[in-house]
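See structure below.
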Number of protein chains: 2
Amino acid sequence: MNTQSTAHSKKPHHHGDLRRALVQAGIDLLEEGGLPALTLRKCAAKAGVSHAAPAHHFNGLDGLKAAIAQEAFRRFSASMLTAAEVGDPSPRGRLKSICRGYLHFGQTHPALLQMIFGVTPEEMEAADTDTPGDHEKGTNAYQILSEACAPFVPAGTDPRIVEIQVWSLAHGFTLLALPGRFIEGGVDHTDALFDQVMALLNHVGPTVSPASP
Amino acid sequence: MNTQSTAHSKKPHHHGDLRRALVQAGIDLLEEGGLPALTLRKCAAKAGVSHAAPAHHFNGLDGLKAAIAQEAFRRFSASMLTAAEVGDPSPRGRLKSICRGYLHFGQTHPALLQMIFGVTPEEMEAADTDTPGDHEKGTNAYQILSEACAPFVPAGTDPRIVEIQVWSLAHGFTLLALPGRFIEGGVDHTDALFDQVMALLNHVGPTVSPASP
DNA sequence: AGGGCAAACTTGACACTGTAAAGATAACAC
DNA sequence: GTGTTATCTTTACAGTGTCAAGTTTGCCCT
């Protein structure tokens with residue numbers, strides 16, 4: 001009918017997986033020149049196709065942006081997951097490693113982070129909803145964070161509170177520390193500041209007064 | 001020579017303070033249709049001038065964006081200041097009121113917040129640097145926050161740590177709770193969640209034995 | 001095998017955008 | 001009054017997204 005559900009089994013006709021090529025070209029453009037460099041025509045040129053070809057794989061520019069955001073989100077999740085696996089395996093160490101992965105991804109791929117969290121609702125609606133196996137079990141960034149927060153959720157409380165506490169702190173710092181933004185300083189200085197800021201999480205969950213109201 | 005430093009005393013030639021009119025037109029467009037609706041030509045049309053007129057008052061679109069960001073920052077600061085003045089005057093109450101003003105501004109003017117914190121370095125360079133009396137004493141948002149954080153800075157530590165802890169938390173939550181984004185729910189639900197998340201600040205600075213409830 | 005058929009692209013066009021150069025106009029200095 | 005300068009207009013051009021029509025290519029079915 002509408003979508004090519006054959007994306008992974010059969011091979012397309014002319015180009016051979018042009019959809020993925022366009023997404024990758026868009027990511028390249030994004031990393032090179034930031035948001036204003038992302039252009040349907042430039043993506044098409046980079047993939048070696050005509051300027052109107054992307055319109056058949058995505059629902060216009062918004063659809064391409066949504067697809068890029070999905071792929072960026074996938075890489076973002078992977079970045080946090082690997083950061084968690086190589087660090088301190090204790091619950092608190094794992095949580096901090098994930099947050100560090102959050103910051104690291106923002107420092108190294110600012111445009112992709114901007115893409116992930118800057119996509120507007122209307123752009124999301126333009127996404128082709130046929131992304132099977134995308135939000136799989138452990139690969140979702142929010143689920144990774146949620147599981148890392150679980151040990152610090154006081155019994156009987158809404159786990160989303162702790163999750164959003166951690167998420168807001170990491171997200172806010174990462175955005176403020178984006179290159180050329182409000183928190184100045186080199187990478188090492190930013191890292192040290194990040195650790196000191198994240199020390200606030202030592203007071204999260206079952207801490208000082210375990211049996212509070 | 002270059003700029004009309006007569007912005008407040010004499011009146012310009014044709015239009016009469018077109019610079020301010022263009023900035024206001026841009027803000028209106030931004031609030032109505034979001035970032036993609038902000039256009040030099042639409043601003044010019046809304047101000048009743050030719051489509052190329054803005055180029056003489058701003059350094060291209062980037063300059064207009066920077067000017068709008070400055071004005072938005074001014075209103076943002078005012079929003080936090082008034083929120084601080086009408087709330088609990090205790091140090092902790094004042095700090096939380098400011099954070100609530102942060103969130104409230106983001107909920108009511110999401111495009112302006114995006115403008116303030118989304119302006120790129122190159123766009124900032126395009127700003128006309130002749131904004132006298134702009135970063136005045138108490139009107140700077142960061143100074144407001146800094147002064148509100150001062151009572152919670154442990155002696156001998158860098159005050160920026162507490163400031164960035166508070167700033168990151170408020171900034172992160174506000175962005176995640178932007179309408180149609182990652183934190184769902186109505187305004188009242190968001191407010192309640194915000195209070196619970198911001199409870200993390202009870203552990204900032206001189207902790208565990210607070211004099212206030 | 002061969003005819004149809006749909007999907008994957010191409011081509012051409014249009015409206016809209018930012019930007020630059022050159023011309024008109026009005027306020028001001030003298 | 002005369003000249004000058006800043007303000008704004010006009011005109012033009014390259015680049016953008018999007019639509020409508022055409023062209024090619026692989027696949028399916030009889």
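Per chain, numbering begins at 1; letters A, B, ... match sequence-line order. Just so you know, these numbers come straight off a predicted model, no measurement behind them.
- Counting non-hydrogen atoms under 4.0 angstrom, B/A55 reaches nothing in the nucleic acid.
- Under 4.0 angstrom from either OP1 or OP2 of C/dG12 there lies no side-chain N or O belonging to A/H51.
- Residue contacts for B/T39: at a heavy-atom cut-off of 4.0 Å it reaches the sugar-phosphate backbone alone, with no base atom in range.
- What separates CZ of A/F58 from P of D/dT18 is a distance of 13 Å, to the nearest Å.
- Distance B/D17 CG to C/dA27 P: 16 Å, rounded to the nearest Å.
- In this structure, A/N59 places its CG atom 12 Å from C1' of D/dG17, rounding to the nearest Å.
- As a whole-Å value, the separation of B/H56 NE2 from D/dT5 P is 16 Å.
- Proximity note for A/A52 (side chain, C-beta onward) versus D/dT9, C/dT11, C/dC9: the nearest is C/dT11.
- Nearest nucleotide to the side chain of B/L61, out of C/dT19, C/dT10, D/dT9: C/dT19.
- Looking only at distances, a side-chain donor or acceptor of A/R92 sits under 3.5 Å from a matching main-chain atom of A/L201.
- One can place CG of A/L22 at 12 Å from P of D/dG17, the figure rounded to the nearest angstrom.
- Side-chain N/O atoms of A/R41 and base N/O atoms of D/dG17 include a donor-acceptor pair closer than 3.5 Å.
- Proximity of a side-chain donor or acceptor of A/S146 to a complementary backbone N or O of A/Y142 within less than 3.5 Å is not detected.
- Between B/D62 atom CG and C/dT19 atom C1' the separation is 12 Å, expressed in whole Å.
- Among D/dT16, D/dT9, C/dT10, the nucleotide with an atom closest to any side-chain atom of A/K42 is D/dT16.
- Between A/R160 and A/E163 there is no salt bridge, since no side-chain N of the basic residue sits under 4.0 Å from a carboxylate O of the acidic one.
- With rounding to the nearest 0.5 Å, the separation of CE in A/M198 from OH in A/Y102 is 9.5 Å.
- With hydrogens and angles ignored, the 3.5 Å screen pairs no side-chain donor or acceptor of A/S97 with any backbone N or O of A/A84.
- In this structure, CG of B/L38 is placed 12 Å from C1' of C/dG18, rounded to the nearest angstrom.
- Across the protein-nucleic acid pair, A/R19 atom CZ and C/dC9 atom C1' stand 16 Å apart, rounded to whole Å.
- The side chain of B/L40 approaches C/dT19 more closely than any other nucleotide in the set C/dT19, C/dT10, C/dA8.
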